[in-house]
Amino acid sequence: PGWKNDSTTAALYGRLSTPAFADLHKALVKLTETGKVHYVLRHYTKPRENAAPLRLSGFGVELAVKSTEYKAVDDSEVKEGEASADVSSSVESEDEVEGFFFGVLKRRHPDNKDGLKKFRAYLVESKNSMAPLKVWQLQDLAFQASQRILQSPPSDSLRVMRDLSQNIPMEARSLSRTRVSQDLRDEIIGNQKVLESYGVEPGSSVFFLNGMLIRLDSMDPFSLIRLLRSEAKAMIGLS
């Protein structure tokens, strides 16, 4: 095919690790510098026979509920200076402690700032006491964690999810008091049934793109880019 300056376009399909690649690359670079050809490099990977599927690592969140009875040393006591500094900085944000959103309370009751600080400090101290939970209190903990994340402000959702996943033993008692809406419960159970129909087990990963199931064992980055471009064109055509 031709180019702007009527030079020939030379496309080199090859792998960077092959011995012949260096010689061909240097030859085409020289021709490009003289203006005889327009050099295009396209990386090529030869499929391996009987190769094991390549599984791409993903990122997810796991809510692991552990027994709190192994606690032997009470480390819930916080130094007075650290506690006061933490309360003064956290009360300015939209953080939630035991169902109370202190950012909202502070805006609604600006004349009672000192009382809110003391009340929050009391709740934090009582929450840090890791008392064992009954079995029936743990059965809906995953639903209650999802409800807590959805109830938080959108700007704090990721922070709340991080805090719950990292401090579940301390947050478990507070979560056990969270009411779960029936709509959320039905949606989670429905999603679990859909994933089970695709053979997705707990701990496994699945990749959907606009409702299409993408098989990770046969997908490579170049195929994924082509699929994304195809979906983008379809969305533009519908707009």
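Computed from heavy atoms alone, side chains included, the values below leave out hydrogens, waters and symmetry copies. A quick note: this is a predicted structure, and the numbers were derived from the prediction, not measured.
- Under the ring-ring contact (aromatic ring centres under 6.0 Å, His included) criterion, Phe222 pairs with no residue at all, not counting sequence neighbours.
- Considering all non-hydrogen atoms of both residues, Gln144 and Arg177 come closest at NE2-N, 4.5 Å.
- Hydrophobic clustering (ILVMFWY, side-chain heavy atoms < 4.5 Å, transitive): Ile214 and Ile225 are in distinct clusters.
- Nearest heavy atom pair, residue Ser152 against residue Val160, reads CB-CG2, 3.7 Å.
- The same ILVMFWY cluster, assembled from side-chain heavy atoms under 4.5 Å apart, contains both Ile168 and Leu158.
- The structure places CG of Asp156 at 13.5 Å from CD of Gln151, a figure rounded to the nearest 0.5 Å.
- Here the CG atom belonging to Leu31 is positioned 6.5 Å from the NZ atom belonging to Lys36, to the nearest 0.5 angstrom.
- Put simply, the side chain of Gln147 never gets that close to the backbone of Val180: no donor and acceptor are under 3.5 Å apart.
- Heavy-atom minimum distance, Val40 versus Arg42: CG1-NE, 3.8 Å.
- For CE of Met235, the number of neighbouring non-hydrogen atoms (other residues, nucleotides, ligands) closer than 6.0 Å is 12 at most.
- Within the 4.5 Å cutoff, the side chain of Ile189 has heavy atoms near those of the Phe143 side chain.
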Tell me which donor-acceptor pairs under 3.5 Å the side chains of residues 21-28 have, and how far apart each pair is, sequence neighbours excluded?
{"residue": "His25", "atom": "ND1", "partner": "Tyr39", "partner atom": "OH", "Å": "2.9"}

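- Counting only heavy atoms from C-beta outward, the side chains of Leu209 and Leu227 approach each other to under 4.5 Å.
- Put simply, the side chain of Val206 reaches to within 4.5 Å of the side chain of Phe208, judged on heavy atoms.
- Atom-to-atom distance recorded for Gln166:CD and Met161:CE is 10.5 Å, nearest 0.5 angstrom.
- The CZ atom of Arg148 lies 6.0 Å from the CG atom of Leu164; values are rounded to the nearest 0.5 Å.
- Other residues, nucleotides and ligands contribute over 12 non-hydrogen atoms within 6.0 Å of the CG atom of Leu224.
- Asn167 places a side-chain N or O within 3.5 Å of a backbone atom of Asp163 that can act as its donor or acceptor partner.
- A distance of 5.5 Å separates CD in Glu187 from CG in Asn191, rounded to the nearest 0.5 Å.
- Between the side chains of Ser223 and Arg226, at least one donor-acceptor pair of N or O atoms lies under 3.5 Å.
- Lys30 has its side chain out of reach of Thr34: every pair of non-hydrogen atoms, C-beta onward, lies at least 4.5 Å apart.
- Of the possible donor and acceptor atoms, one in the side chain of Ser157 sits under 3.5 Å from a partner among the backbone N and O of Pro153.
- One hydrophobic cluster holds both Val37 and Leu41 under the rule that ILVMFWY side chains link at heavy-atom gaps under 4.5 Å.
- Note that the OG atom of Ser230 and the CG atom of Leu228 stand 9.5 Å from one another [nearest 0.5 Å].
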